[in-house]
Amino acid sequence: MTKYKSILRKVNDFFKTHTLIFIYTLVLLLLLYGTFKTSGTKYSGLLAIYVFTLIISYIIFVKAKLKNYLVRIYKRITIPLSYQTLNYISYFVFFSTIVFIIYHLSILGGSPQIKAFSFTNVDDIANLRRGITEFAPTGIKYLSSFIVKGFLPFLILYFFIKKKYVFYYIILFIAAFYVFSLMQKSYIATILIPVFIFSLLQKKYIYSLKHILIIIIVIFTMSFSANPEIKDDFIAGLHEEKTEDNQGKASSYNSFQKIYLGLKNRVLIIPGQLVAEWFYMIPDKKPFLYGNGYRLVAKIKGEEYINYPREFAIHLRPEHIERGLTPNLNTASFMYDYANFGKLGLFISGIALSLLFIFIESIFLNNFTYKFCLNFSFILFISSTALTTTLLSGGWGIIIFLFILFKPQLKTENIKI
């Protein structure tokens, strides 16, 4: 029993010290599961290059005490602002965010998600969802991404920690309605995962339950809206329940079961399947891009940016194109580096991510709770998005900056870290 407790203690200490690589390893196992499930061991050699490079380079950086060096640099650049100034900044960000949300919904003509409830064709719903971003001005598109993935999750957590519950509830419900309106299921988890994890770690279980219920309700409601056939089955089930109780309950149960199975497949299989599909396409069907798969690099080189996520969608999902849809087959961050530089790209990607983890660990040193809460979502994101996108428009950089900015205030709170 003593040996068992000792092992648990060591695992716990490792998790608190190397939180990001620990979480990412679990995410990577899910990716590998989905890849092996859909393509067998065909690409195991290529995946091994990335996995071993990531782990070995991380160990080397730890042994070299790179984190300690980064901590000394970070301490020199901490932003010295007074407690009162930070309060003013938080209120300014709060009101500015709300103003933008109201403006964005107004130019969308109200909530697209609410409009979608009256649609009976799945393609019409998909086009409505696509139109939210595809036809939006570039500035609005980026600001919306910054707010959903950066400012909203931080503000909800910040006001919850500071016990400013009026601001917390206002931003919580406005944010929930906004991301619901944007018709992306992942957004509701994005804004609430930080505060959910925080309330769980602080043993505020009522709040944890509330946050997870909001996530579940929003996701299931959006799933009903996005799948008219499920919605019709459920409504039919409610009608049948009045006449034939067992048949009606079975129909309603089947509707929830379809949603559950769809979400399960989206989490466990599809991310790994997309990795396998990219390996299948490159280089047999499409060549390595040598930098032209990065928008900024292509611009610097003076060459055309090549959007493989869109091109692969055309090749691998022709049925969607025939229906007038233009999906993107986004995939794990390391696959973008593979698409550009092949095996060397996988090697570079492993080193780059291990460096990033060390850098972020140095910023959140001795702040395990905040490190876990604020970074968890983004580690999930890089299983289906390019790393540079996640850091920039994906909100990870904003979250890190906001933590650095408000750290003096957050450290004054009596929390378990």
Side-chain angles (χ1 to χ4, degrees), residues 11 14-15 18-58 149 153 184-190 192-194 196-197 200 212 215-216 219-220 223 257-282 309 312 316 327-339 345-346 349-350 352-354 356-357 360 371-387 389-391 394-396:
V11 171
F14 180 87
F15 178 53
H18 306 287
T19 310
L20 305 187
I21 193 74
F22 187 98
I23 297 170
Y24 185 69
T25 299
L26 300 179
V27 172
L28 203 51
L29 288 174
L30 282 178
L31 271 176
L32 295 175
Y33 171 77
T35 305
F36 293 147
K37 187 81 174 175
T38 54
S39 63
T41 58
K42 185 177 180 180
Y43 306 115
S44 56
L46 291 169
L47 289 167
I49 294 173
Y50 173 69
V51 173
F52 285 119
T53 301
L54 173 70
I55 294 172
I56 292 170
S57 59
Y58 186 85
K149 297 172 183 177
Q184 296 290 339
K185 298 184 188 72
S186 63
Y187 285 176
I188 188 65
T190 299
L192 290 184
I193 278 179
F196 165 71
I197 293 175
L200 198 62
I212 202 66
I215 292 173
I216 292 170
I219 288 176
F220 270 78
S223 296
Q257 189 180 42
K258 287 178 183 177
I259 293 173
Y260 165 74
L261 291 175
L263 293 173
K264 180 182 175 183
N265 187 58
R266 180 67 185 87
V267 172
L268 296 180
I269 304 298
I270 292 179
Q273 178 185 338
L274 289 170
V275 168
E277 289 180 343
W278 274 57
F279 277 134
Y280 165 75
M281 291 294 295
I282 306 168
F312 290 174
L316 296 169
N328 283 327
L329 292 189
N330 295 312
T331 188
S333 60
F334 58 86
M335 290 305 297
Y336 293 89
D337 302 309
Y338 173 76
L346 295 174
S349 186
L353 190 58
S354 63
L356 179 65
F357 285 164
I360 296 174
K371 177 173 62 175
F372 189 16
C373 296
L374 293 173
N375 293 287
F376 180 82
S377 297
F378 299 102
I379 296 175
L380 298 183
F381 291 162
I382 57 177
S383 68
S384 58
T385 312
L387 182 59
T389 301
T390 306
L391 280 169
W396 203 354

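Below, all heavy atoms of this structure are taken into account, side chains as well, without hydrogens, waters or symmetry copies.
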[X]: what forms a side-chain hydrogen bond (donor to acceptor under 3.5 Å, both in side chains) with it, not counting sequence neighbours?
X	result
Asp337	Tyr294, Ser349
Thr385	none
Thr19	Lys371
Thr190	none

With sequence neighbours left out, what residues match [X] under ring pair (Phe, Tyr, Trp, His ring centres under 6.0 Å)?
X	value
Phe279	Tyr43, Tyr338
Trp278	Phe312, Tyr336
Phe22	Phe15
Phe14	His18

Problem set entry | side chain to side chain contact (heavy atoms under 4.5 Å, CB included) between Ile193 and Ile197, worked out | CA-CA 6 Å; Ile193 278 179; Ile197 293 175; 3.6 Å; yes
Exercise. With Phe334, which of Ile382, Leu46, Leu28, Ile49 fulfils side chain to side chain contact (heavy atoms under 4.5 Å, CB included)?
Worked result: Leu28
Exercise. In a check of side chain to side chain contact (heavy atoms under 4.5 Å, CB included) between Met335 and each of Val275, Leu31, Asn330, Ile282, which one passes?
Worked result: Val275
Are [X] and [Y] packed together at the side-chain level, in the sense that at least one heavy-atom pair is separated by less than 4.5 angstrom?
X	Y	value
Ile23	Phe372	yes
Leu356	Leu391	yes
Ile212	Ile216	yes

Problem set entry | Pairs flagged by side chain to side chain donor-acceptor pair (under 3.5 Å) wherever residues 22-41 is involved - sequence neighbours left out | Tyr24-Tyr50
Once rounded to the nearest 0.5 Å, what's the spacing between atom [atom1] of [X] and atom [atom2] of [Y]?
X	Y	atom1	atom2	value
Ile188	Leu192	CD1	CG	4.5 Å
Thr331	Met281	OG1	CE	12.5 Å
Leu200	Cys373	CG	SG	9.5 Å

Exercise. Under the side chain to side chain contact (heavy atoms under 4.5 Å, CB included) test, which residues partner Ser354, sequence neighbours left out?
Worked result: Leu54, Ser57, Tyr58, Phe61
Problem set entry | Residues which pass side chain to side chain contact (heavy atoms under 4.5 Å, CB included) with Ile56, listed by chain and number, not counting sequence neighbours | Phe52, Ile60
Using residues 267-274 as the side-chain source, report each donor-acceptor pair under 3.5 Å to any protein atom, sequence neighbours left out, with the distance given to one decimal.
residue : atom : partner : partner atom : Å
Gln273  : NE2  : Glu277  : OE2          : 3.2

Exercise. Applying the ring-ring contact (aromatic ring centres under 6.0 Å, His included) test to Trp396, which of Phe381, Phe378, Phe376 qualifies?
Worked result: Phe378
For this session: Would you name the heavy atoms of Pro194 and Leu374 that are closest together and state the gap between them?
Result: CB-CD2, 4.5 Å
